[in-house]
Amino acid sequence: MDFISDLSGNMTEYVCILLPQIYHEDLLIVEKVQKQMRNYQWLLLLLSEHFSAAKIMDYYVPLLGAFRHDLMVLLVTLLACVNTLTSLIKWVMPANRPYWWVHESDDNYKIFLHQYRGSCETTGAFPSSHCIAMVTFSYVLIFQIEWRHKWSSTFRTFVRVLLVVLVSILVALSRIYLAAQFASHCLLTGLLLIGVIMLYERHANIFYSLSQLKAVLITCCLNLLPVFVYFSMKRVGLDPHWSVRMAFKWCIDPEYMRHEDSSIFILGRDFGYLMGVMMSMPLRGSHERRIKMKRFPLIFALEILNYYARLETPKSYGRVAFVAYEFLRNATHSFTLLTILPKITTKPRVEYYFFRAILPHYK
Ligand SMILES: O=P(O)(O)OC[C@H]1O[C@@H](O)[C@H](O)[C@@H](O)[C@@H]1O
């Protein structure tokens, strides 16, 4: 009992005293970044606009996959995991964005923040989706692509880490410049991502060896989590769509807001993408298959289809149809990239047939 009352006392102190102080410092940082980085505005706006989680999954990963199947498998699986985790935390955690907080807080801040088209996000702030997706993408690229330089391996690793840090700083600056993220949220997002990547690297073998049935069952159970959170929030009188209302309240132009970026929509998107990955399990060894034909035209056609499927998202038939469609579209997308496409375009390793002949259960 003592422990619980201590914990709730600490939480109250954190929410009522410490958090506003941190946010105040954070707001000063946002204001400073907006003033001092004005000359680089084009770059910062471009980064946020063109390197969102959705664009990375829909455009850049398939484009890369046309040339490197192994990288595509790694990226699709890793992004599916980190993005699902991100949207789940966003759904549970009511973290404010700077342009909401500056108006919502009781402290009368004398701080003016500019808003841009990209500022009007409709999800909670933590963790930053842009930081998670972009840093994961660049981390895989920077660490997996072979370098021909004759540098020592320590120096090479140092340069690689430096590049990832640089990308992280740039994306974080872009989000802060838009007043969409606090610096502290970006920092915490970075720490979270480091933890997830370490966990992933340590357990990747177990993950890739999961049977399809087990993997799909795990995802179905995970799917229940947001539903459980939704009803729990309703029960205690909290609004599950609080972030959308906040965006409506403080966005200078409602036209800046995008339907497809609301919390419930990104949950459907990310859980769907994860489901497609899990349906493709076990993936162990799949990236070693050899390409037998050019993949670019096929991937190009697939992405055109995906693009038109996205345009056809039913937005006027209620939330269920909207989320279900997004779930299915993304599940089909990742499943096609990981299972259907390799079946058409690659030939399995010779030893695969050999082992299959002597061990019927070899995968
Ligand atoms: O969390 P961030 O970086 O502010 O991004 C907000 C939203 O930006 C959108 O562009 C992404 O598609 C969403 O996944 C994301 O939630």
Side-chain angles (χ1 to χ4, degrees), residues 44-65 71-72 74-93 95 97 117-141 164 167-168 170-176 178 180-181 185-186 188-190 192-194 196-197 200 222 226 243-244 247 257-277 303 306-307 309-310 313 322-323 325-327 329-334 337-338:
L44 302 174
L45 298 193
L46 185 134
L47 272 177
S48 272
E49 178 61 29
H50 295 291
F51 291 93
S52 64
K55 287 203 171 149
I56 289 178
M57 286 192 291
D58 285 338
Y59 301 140
Y60 307 130
V61 172
L63 181 68
L64 192 83
L71 282 191
M72 188 182 74
L74 190 58
L75 276 168
V76 172
T77 48
L78 195 52
L79 282 171
C81 295
V82 292
N83 285 343
T84 310
L85 181 71
T86 306
S87 22
L88 206 57
I89 302 179
K90 272 179 186 289
W91 186 234
V92 180
M93 195 121 115
R97 291 187 183 270
R117 180 172 282 274
S119 306
C120 290
E121 299 291 1
T122 45
T123 52
F126 180 78
S128 164
S129 228
H130 280 78
C131 293
I132 291 262
M134 184 54 193
V135 177
T136 306
F137 183 73
S138 48
Y139 163 78
V140 171
L141 281 197
V164 175
V167 172
S168 316
L170 267 178
V171 188
L173 273 178
S174 150
R175 302 309 289 153
I176 296 170
L178 284 169
Q181 292 288 349
H185 285 161
C186 294
L188 283 179
T189 302
L192 175 78
L193 188 56
I194 292 174
V196 174
I197 288 182
Y200 190 89
L222 279 178
S243 54
V244 180
M257 296 184 347
R258 282 164 297 194
H259 239 65
E260 52 274 30
D261 288 337
S262 59
S263 321
I264 197 148
F265 190 92
I266 64 162
L267 272 171
R269 177 193 77 190
D270 295 337
F271 271 98
Y273 203 73
L274 181 71
M275 185 56 104
V277 170
E303 293 315 315
N306 185 38
Y307 175 77
R310 200 168 58 243
T313 307
F322 182 62
V323 177
Y325 183 88
E326 194 54 10
F327 182 92
R329 181 180 71 78
N330 279 284
T332 314
H333 188 206
S334 54
L337 287 177
L338 294 183

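The two atoms that bring Val164 and Val135 nearest to each other are CG1-CG1, 4.0 Å, heavy atoms only. What you find for Ser174 and Leu44 is that their closest heavy atoms are OG-O, 2.8 Å. Nearest heavy atom pair, residue Thr136 against residue Leu75, reads O-CD2, 4.3 Å. Shortest non-hydrogen contact noted between Ala53 and Arg269 is CB-NH2, 3.8 Å. Val323 approaches Gly268 most closely through the heavy-atom pair CG1-CA, 3.7 Å. Residues Phe137 and Ile56 share a closest heavy-atom pair of CD1-CG2, 3.8 Å.
The salt bridge (charged side-chain N to carboxylate O under 4.0 Å, His left out) test with Glu49 is passed by exactly one of Lys55, Arg117, Arg175: Lys55.
Under the rule for a side-chain contact (heavy atoms from CB on, under 4.5 Å), the partners of Ile194 that lie at least two apart in sequence or sit in another chain are Met198. Among residues two or more places apart in sequence or in another chain, the side-chain contact (heavy atoms from CB on, under 4.5 Å) test is passed with Ala80 by Tyr273, Leu274, Val277.
Residues Asp270 and Met57 have side chains in contact (heavy-atom distance under 4.5 Å, counting atoms from C-beta outward). Taking the side chain as every heavy atom from C-beta outward, His50 and Tyr60 approach each other to under 4.5 Å. Within the 4.5 Å cutoff, no side-chain heavy atoms of Glu303 are placed close to those of Leu63. Annotation: side chain of His185 is not in contact with side chain of Ile176 (no heavy-atom distance under 4.5 Å).
Between Phe265 and Phe322, a ring centre-to-centre spacing shorter than 6.0 Å is recorded.
For the 3.5 Å distance criterion, the side chains of Ser263 and Ser243 qualify, holding a donor opposite an acceptor.
In this structure a side-chain-to-backbone donor-acceptor pair under 3.5 Å is missing from Thr86 to Pro127.
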